[in-house]
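Worksheet: the structure to be examined is printed underneath.
Numbers restart at 1 for each chain; the letters A, B, ... are given by sequence-line order, proteins then strands.
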Amino acid sequence: MAANWYSAPAPVARRVRAYFAPVNRTAQTPVIFDPAQLWNFSLDSPPAPWISLGWIQDFTRKPTGKMSSLLTGIPAATLEQVRETVGAQVSFQFLSWTKLTMALATGSQHMNLLAPSSGAAAAADGAQAAAAVTVQSGSTATFVALAATDAAKFTPGSIIALDVDNTGATGFVGSPVSGAYLRSAVADVDYIRRITFNVAFVSQSASAGLTLAGPLLGGAPAAGEKLQAVIGFVDREGGSFYQEWSALFILQGSQGERIFFYYPRLQTITGAEEPLVPLDIKKKAGLNRVLLGAQFQALPVTDPLDGERVVCYRSFVPAPNALV
Amino acid sequence: MQNAKDSFYVALRTRLIAINPERTILLRGAVRPGILVEDAEAPFSQLPNDVFVLRWLGLAVDMDLASAMAAEECEIVYQTCGTQSFGGLDRGRALSEMDEELTAMIQPFYTAKLNFTAQPPSAMLTQVFWDEPGFGPITIQRDRLTRTAKVSVYSYQEQGE
């Protein structure tokens, strides 16, 4: 057998696609992306636990590490270079507003606005919530089994948050994504459902339970977990919690080549920003699209291959038939 | 460059069959999908209605690359008078339908480059790719609505081309 080849010019790409996966904050373990095994995954169905956040724009990578010279001799000349610091920043804009994109684009913890109980006192991050209902056995990641009287409380089109009761937890809370860090216990029994990423859109309701439009991040809920309706989302400027995620950005070239930028640990470094982009560039005072601006600091990991501390891996899989 | 033009046309034709198999044209005694290349047919005194007509216009070549890249401008013209059963009052809807079909046909924005001088067509090494279409305004001539969309089609020149 023989192969033909061609000399490939620089890749031509349309857009950048973003995927995120939760870092295990308690164990400080990022999610590994292995390009040797996963180089050709379908961009529309990433391998678990990676979550597609769609196309992004204005993707910019900025190395912030510093190198300096070791000088010797008279007059001095560079003998060697040394790396003083390792660092990198990434910034881009999300093109959609979802629970996850909002959370990633805020510099603080992100919460669900739980549907309030009748007559509850006003609160900036949502009043006391209406009582949660208990999940029954037989649930899956896309179906929540409920008692008939509980199922009747939810209509198709509603949003739900599903997690355990808060019984005085401290440290990182929320599963599988740590949504907050509690230095001391809080009294709100619904607190974990306020910060959980286990949210979904209800596509169908029946007496047996709720069918969800997409799978829950946490997979099939265990019996005993509880469910509450969500009105929307809220985050705050301030606070001490930093989101931390593993991130993967992919540029797909016109010839099928792929460039991967894998950041094992990214933490948000700015507060929430909403850049406005006019729908018609000739009418800047007209309609604007409201984007979510995000900026991240890459944190280091130690590569087990050789013990080096690094913040990002860039991989390139050439196009078929292209000379390398 | 001809291989790229042929591949682009055949890709759109194949996609149109899947999107709307009922859009056809009787041409030279044969019923074909409703898309054709103007320079590969006998000259038209009047473009046919309710089909997509591909017209190749500009050309640019970047030769400062490892493989020369050609950018060919394709104008896609389509027009309609609506249907007889509605007395042409549905011509706006008919044009919208063609807008949607073209938007669907154009995605994904690439296709394999094939050499159609061989039978069966042989796969080449690279892919033909293009950008989003630029839709022009509707032009109205009596009861005929016409729209033109322009697409830049890119390809790398391979050995033997």
Side-chain angles (χ1 to χ4, degrees), chain A residues 1-19 39-46 52-59 93 95-96 249-260 277-283 286-287 289 291 316-324, chain B residues 1-5 7-8 11-12 59-74 103-115 117-118 120-137 150-161:
Chain A
M1 292 180 68
N4 294 319
W5 63 87
Y6 72 102
S7 298
V12 175
R14 292 172 54 77
R15 292 175 290 190
V16 183
R17 192 130 182 189
Y19 303 86
W39 63 274
N40 64 346
F41 75 82
S42 164
L43 296 186
D44 292 328
S45 50
S52 172
L53 293 182
W55 302 105
I56 56 174
Q57 73 175 29
D58 287 349
F59 174 68
Q93 292 166 356
L95 295 174
S96 60
F249 304 98
I250 300 181
L251 279 158
Q252 168 105 23
S254 65
Q255 302 303 307
E257 67 271 52
R258 282 185 175 181
I259 305 169
F260 301 92
V277 178
L279 290 188
D280 182 348
I281 53 171
K282 295 175 198 156
K283 285 189 193 169
L287 292 170
R289 177 171 288 119
L291 304 180
F316 176 59
V317 178
N321 310 310
L323 282 179
V324 293
Chain B
M1 296 170 196
Q2 188 59 48
N3 291 321
K5 293 197 283 189
S7 301
F8 178 71
L12 263 54
L59 171 66
V61 182
D62 186 346
M63 289 186 276
D64 295 334
L65 298 171
S67 295
M69 186 175 79
E72 296 166 280
E73 185 188 24
C74 182
T103 305
M105 263 194 288
I106 220 82
Q107 299 174 71
F109 295 85
Y110 60 87
T111 190
K113 192 174 179 186
L114 300 172
N115 180 352
T117 59
S122 56
M124 301 183 74
L125 301 176
T126 59
Q127 298 195 116
V128 180
F129 55 101
W130 52 89
D131 215 335
E132 274 122 345
F135 288 96
K150 287 186 177 170
V151 182
S152 291
V153 179
Y154 301 93
S155 62
Y156 292 116
Q157 291 297 105
E158 299 182 25
Q159 284 186 344
E161 280 196 297

Honestly, the part of B:D62 sitting under 4.5 Å from a heavy atom of chain A is neither
B:Q159 atom CD, neighbour heavy-atom count above 12 within 6.0 Å: no
Give a yes or no on this: more than 12 heavy atoms of other residues, nucleotides or ligands lie within 6.0 Å of atom CG of A:L287. no
Rounded to the nearest 0.5 Å, how far does CD of B:Q157 lie from OH of A:Y6? 13.0 Å
Is the side chain of B:Q127 donor-acceptor paired with the backbone N or O of A:S254 at a distance under 3.5 Å, no angle test? yes
Heavy-atom contact with chain B under 4.5 Å, split by part of A:A8: backbone
Answer yes or no: does atom CZ of A:R15 have more than 12 heavy-atom neighbours from other residues, nucleotides or ligands under 6.0 Å? yes
If you look at every heavy atom in B:Y156 and A:V12, which pair is closest and at what distance? OH-CG2, 3.6 Å
Work out which heavy atom in B:W130 is nearest to a heavy atom in A:R14; give both atom names and the distance. O-NH1, 4.1 Å
Partner chain A: residue of B:F109, B:Y154, B:Y110 with the largest heavy-atom pair count (under 4.5 Å): B:F109
Shortest non-hydrogen contact between B:L125 and A:N4, atoms and distance: CD2-CB, 3.8 Å
Does anything in residues 64-73 of chain B get under 4.5 Å of chain A by heavy atoms, and if so which residues? B:L65, B:A66, B:S67
Kindly check if the number of other-residue, nucleotide or ligand heavy atoms within 6.0 Å of CD1 (A:I281) is above 12? no
Can you tell me which portion of A:A322 sits under 4.5 Å from chain B's heavy atoms? Options are side chain, backbone, both or neither. neither
